[in-house]
There are 2 protein chains.
Amino acid sequence: MILKNISVDCVIFGFQNNKINVLLWQAEPGLLEKFLTTAQAYEESKVIFEKNPALKSDKFWGLIGTHLPTDEDLDNYAKKILKVSTGLKDIFLKQVQTFGNKNRVPHYRVLTVAYYALINPEYHNLELSSIAKSVKWFEIDKLPDLIFDSKEIVFSALKKLREEVQYHPVGFHLLPEKFTLTQLQTLYEVILDKKLDTRNFRKKIQNMELLIDTNKKQTNVAHRAAKLYKFDVSIYNRLKEEGLNFRI
Amino acid sequence: MILKNISVDCVIFGFQNNKINVLLWQAEPGLLEKFLTTAQAYEESKVIFEKNPALKSDKFWGLIGTHLPTDEDLDNYAKKILKVSTGLKDIFLKQVQTFGNKNRVPHYRVLTVAYYALINPEYHNLELSSIAKSVKWFEIDKLPDLIFDSKEIVFSALKKLREEVQYHPVGFHLLPEKFTLTQLQTLYEVILDKKLDTRNFRKKIQNMELLIDTNKKQTNVAHRAAKLYKFDVSIYNRLKEEGLNFRI
DNA sequence: CCAAAAGTGTTAGACCTACACCCATGA
DNA sequence: TCATGGGTGTAGGTCTAACACTTTTGG
């Protein structure tokens, strides 16, 4: 059984071509089989699809999500959606907000609990293939037409990320395991939409002692190869609790 | 009609006797009439009450809230709950999080969208009288037994407040319109659970230029009377957007 | 040897921390 | 005149902002 009045949607962010990207899908009842494990849940969801032409149109894209099955914990189910749509677990995932205006979805009263996830680019192409026809990355400033109030949800999630990134070390989740300081700086510049001073940025980062030099370097670049860093998990965990000050 | 799977609960914070207080109630179907305007919504809610003995017990207290009627916007309905339970509008109110573990409420699958509100002490006694027998302030560290996972919700809201207060000028909503710097400092000390240095605190606050001297003073105090300040609404609005750094 | 990005240090000003005494008021 | 809390300044250290050139690499 599913809860007809509640959906769980994930705003999945990636960082590619120096842009924030969002993973969207064109949901089809066929795809839902991946999520909804009982035949009944699947049938119930399908009925909802039939009633909303926008859900089936090729013109509209939507956030990855489904209605919440009655036998699933909320946070866990968001994780499950991520796992199925990207093939990944242990992804950074956080509840954004619940959207509940009464006319946000035509024909039904649906509250959407929105989450945002941050995906490491090493995994951007993994597993998407299995449901690839209708799942696609879009640059945040070139979003297609989105169903219902999904655009509002995406920008609320982005706003939340932008806030979060200033006070907690979450941005790192958008980078590969080993990254250069320039990649990190560009990431912050893109999220905060602001140019940063390279020397000051490096000093600030290095004072946090969050980064570990891997003693490796980029290869095959037509310029001086940059050092690769990873981040120190224990200091990361401490900073996550205590907060940090990244107002640069 | 109400949405049986969704409730809206408010964690209402006040600041009294130099403690954070929370407004709780012992809900009775009778009280619900104040919220649920159609007879049908009222009846449906009553049935839910009948099934959960904890809801009716005198031993347990709960957060102020009800199930969400189908014809109410989510955020607006939270405001309405506040209005009815405290008699006040234009209160600071913010969504905290949605709680959705599957067994958090016995017998039903209910997701709770939690909000927190900050109440100015000038209004602490206003209007409570109308439903007074079952609505009461409790100090945060002397909470009674709470139904379901309400205690977890209260502490999540407190954690959110504690974070919020460091980066946005929200704490002021817990003070009367005119307040002294010592009151403000005590408020921050209580929320952050940390002693602050008076001289440094005052310098920091005054540098923000958020406070306006009202040219008034306390009266009838057995010590030097403190100046009364209010805060500057335009600077408040700017800081609310830009954020501030109150990590003291 | 050229193009491209990596990497680096200093200075001036702002802000933060720690710390102790006098002032105004009502009882 | 006493008890109570209100109110203030300074010095040392740390953090921030602004700023330009040299290094390394592959082609």
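Heavy atoms of T182(A) sit under 4.0 angstrom from primed sugar atoms or phosphate atoms, though from no base atom. No engagement by N207(A) is indicated, since no non-hydrogen atom pair under 4.0 Å with the nucleic acid exists. Contact annotation for K227(A): backbone-only contact, meaning every heavy-atom pair under 4.0 Å involves sugar-phosphate atoms and none involves a base.
Along DNA chain C, the nucleotide nearest to A226(A) and the one nearest to K203(A) differ in position, and the one closer to the 5' end is contacted by A226(A). Nearest-nucleotide mapping onto DNA chain D: of D197(A) and Q206(B), the residue sitting toward the 5' end is Q206(B). Each of V221(A) and R199(A) has a nearest nucleotide on DNA chain D; the 5'-most of these lies closest to R199(A).
Atoms CD (Q218(B)) and C1' (dA24(C)) sit 12 Å apart, rounded to a whole Å. Rounded to an integer number of Å, the gap from F201(B) CZ to dG7(D) P is 12 Å. Here dG5(D) presents its C1' atom at 13 Å from CG of N18(B), a figure rounded to the nearest Å. Following rounding to the nearest Å, N200(B) (CG) and dA14(C) (P) show an atom-to-atom distance of 18 Å. Straight-line distance from the CG atom of L211(B) to the P atom of dG7(D): 12 Å, rounded to whole Å. Distance Q185(B) CD to dG6(D) P: 9 Å, rounded to the nearest Å. Atom-to-atom, CG of L244(A) to P of dC15(D) comes out at 14 Å; the value is rounded to the nearest Å. Whole-Å rounding puts the I205(A) CD1 to dG7(C) C1' distance at 15 Å.
Formation of a donor-acceptor pair under 3.5 Å by the N21(B) side chain with backbone atoms of K19(B) is found in this model. In this structure, R162(B) contributes its side chain and I191(B) its backbone to a donor-acceptor pair below 3.5 Å. Of the possible polar contacts, none joining the K89(B) side chain to the K79(B) backbone as a donor-acceptor pair under 3.5 Å is found. T214(B) contributes a side-chain N or O that, together with a main-chain N or O of L228(B), makes up a donor-acceptor pair within less than 3.5 Å. W25(A) places a side-chain N or O within 3.5 Å of a backbone atom of L63(A) that can act as its donor or acceptor partner. Panel note: side chain D73(B), backbone N76(B); no donor-acceptor pair is recorded below 3.5 Å.
Relative ring orientation between F172(A) and F231(A) is described as tilted, the plane-to-plane angle lying within the 30° to 60° band.
Helix-axis bend for the helix from dC1(C)-dG27(D) to dA27(C)-dT1(D): the local axis fitted to the five terminal pairs at one end deviates from that at the other end by 10°, rounded to 10°.
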Name every donor-acceptor pair, under 3.5 Å, that has one atom in a side chain of residues 90-97 of chain B and the other anywhere in the protein, sequence neighbours excluded.
from   : atom 1 : to      : atom 2 : distance (Å)
K94(B) : NZ     : E164(B) : OE2    : 2.9
Q95(B) : OE1    : T98(A)  : N      : 2.7
Q95(B) : NE2    : T98(A)  : O      : 3.0
Q95(B) : NE2    : Y115(B) : OH     : 3.4

Kindly determine whether T198(B) and R202(B) satisfy side-chain contact (heavy atoms from CB on, under 4.5 Å), including the steps that lead there. CA-CA 6 Å; T198(B) 305; R202(B) 286 166 180 243; 3.4 Å; yes
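OP1 or OP2 of dG7(C) sits under 4.0 Å from a side-chain N or O of R202(A). In terms of phosphate contacts, K204(B) brings no side-chain nitrogen or oxygen within less than 4.0 Å of OP1 or OP2 of dC15(C).
Applying the side chain to side chain contact (heavy atoms under 4.5 Å, CB included) test between E209(A) and each of D232(A), I235(A), L239(A) identifies I235(A) as the sole match.
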For nucleotides 1-4 of chain C, give me every protein contact, N/O to N/O, under 3.5 Å, one pair per line with atom names.
none

